[in-house]
Amino acid sequence: METVTLKSGAVEAKPAVMATMMSLKHLFESEPIVAYELVMKCRDRNHQFFGNTVDKLKQLSLVQPDGNVHDTIRNIVVSAAQGDGLDMSLGSPIKQ
């Protein structure tokens, strides 16, 4: 299986990166608060999700059934998310 190196230095399967990025793009466009919560959780494992955020993330398979973020998803999100707060945006997670 083809792999890619992320900006974080992690090496992940290319299909996993592509599928995750599709979900992230949808999330950033349709549910920016939920996207922000996911980024915060990926950056800080102790972050507690707000409201029903975890349910929406489960629907998109971006968190595990127990509410934790899988390492692959975390690596992709941390590599793709740029900026903080209202200035947060999504870029390519792949190292150039």
Side-chain angles (χ1 to χ4, degrees):
M1 180 174 298
E2 187 177 357
T3 61
V4 292
T5 301
L6 304 179
K7 290 176 182 174
S8 67
V11 176
E12 299 292 351
K14 187 174 182 179
V17 173
M18 293 173 66
T20 301
M21 286 304 296
M22 286 177 32
S23 293
L24 286 177
K25 287 176 185 175
H26 169 75
L27 196 61
F28 266 77
E29 292 171 2
S30 64
E31 300 269 1
I33 300 300
V34 177
Y36 172 81
E37 285 290 307
L38 176 62
V39 172
M40 292 299 99
K41 182 69 169 180
C42 290
R43 289 179 176 172
D44 176 6
R45 292 175 193 258
N46 294 320
H47 178 79
Q48 297 297 309
F49 286 122
F50 176 78
N52 66 347
T53 299
V54 72
D55 296 328
K56 293 179 181 182
L57 292 170
K58 284 180 188 178
Q59 291 172 352
L60 293 170
S61 299
L62 292 171
V63 295
Q64 297 175 3
D66 64 3
N68 288 313
V69 180
H70 189 277
D71 288 341
T72 296
I73 302 294
R74 177 177 288 103
N75 291 335
I76 296 166
V77 170
V78 167
S79 295
Q82 303 169 351
D84 290 306
L86 296 175
D87 292 330
M88 190 177 293
S89 63
L90 193 63
S92 172
I94 300 172
K95 184 176 182 179
Q96 299 301 321

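Between Lys7 and Pro93 the shortest side-chain heavy-atom distance does not fall below 4.5 Å. Using a 4.5 Å heavy-atom cutoff, the side chains of Gln64 and Ile73 are not in contact. Contact of the Leu6 side chain with the Val78 side chain is not registered, since no non-hydrogen atoms from C-beta on lie closer than 4.5 Å.
With sequence neighbours excluded, the residues forming a side chain to side chain donor-acceptor pair (under 3.5 Å) with Ser8 are Ser79, listed by chain and number. In this structure, the side chain to side chain contact (heavy atoms under 4.5 Å, CB included) partners of Met88, at least two apart in sequence or on a different chain, are Phe28, Tyr36, Val39, Met40, Arg43. Residues that satisfy the side chain to side chain donor-acceptor pair (under 3.5 Å) test with Asp66, not counting sequence neighbours, are Asn68. Glu29 pairs by the salt bridge (Lys or Arg N to Asp or Glu O under 4.0 Å) definition with nothing, not counting sequence neighbours. Listed by chain and residue number, His47 satisfy the side chain to side chain donor-acceptor pair (under 3.5 Å) test with Glu37 (two or more places apart in sequence, or in another chain).
The distance from the CD1 atom of Ile94 to the CD atom of Glu12 is 11.0 Å, given to the nearest 0.5 Å. To the nearest 0.5 Å, atom CG of residue Leu38 and atom CG of residue Leu24 are 6.5 Å apart.
Heavy-atom minimum distance, Ala16 versus Ile76: O-CD1, 3.8 Å. Between Ala13 and Met1, the shortest heavy-atom distance links the atoms CB-SD, 3.4 Å.
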Please tabulate, for the side chains in residues 52-63, all donor-acceptor contacts under 3.5 angstrom to protein atoms that are two or more places apart in sequence or on a different chain.
residue, atom, partner, partner atom, Å
Thr53, OG1, Phe50, O, 2.5
Lys56, NZ, Glu31, OE1, 3.4
Lys58, NZ, Pro65, O, 3.0

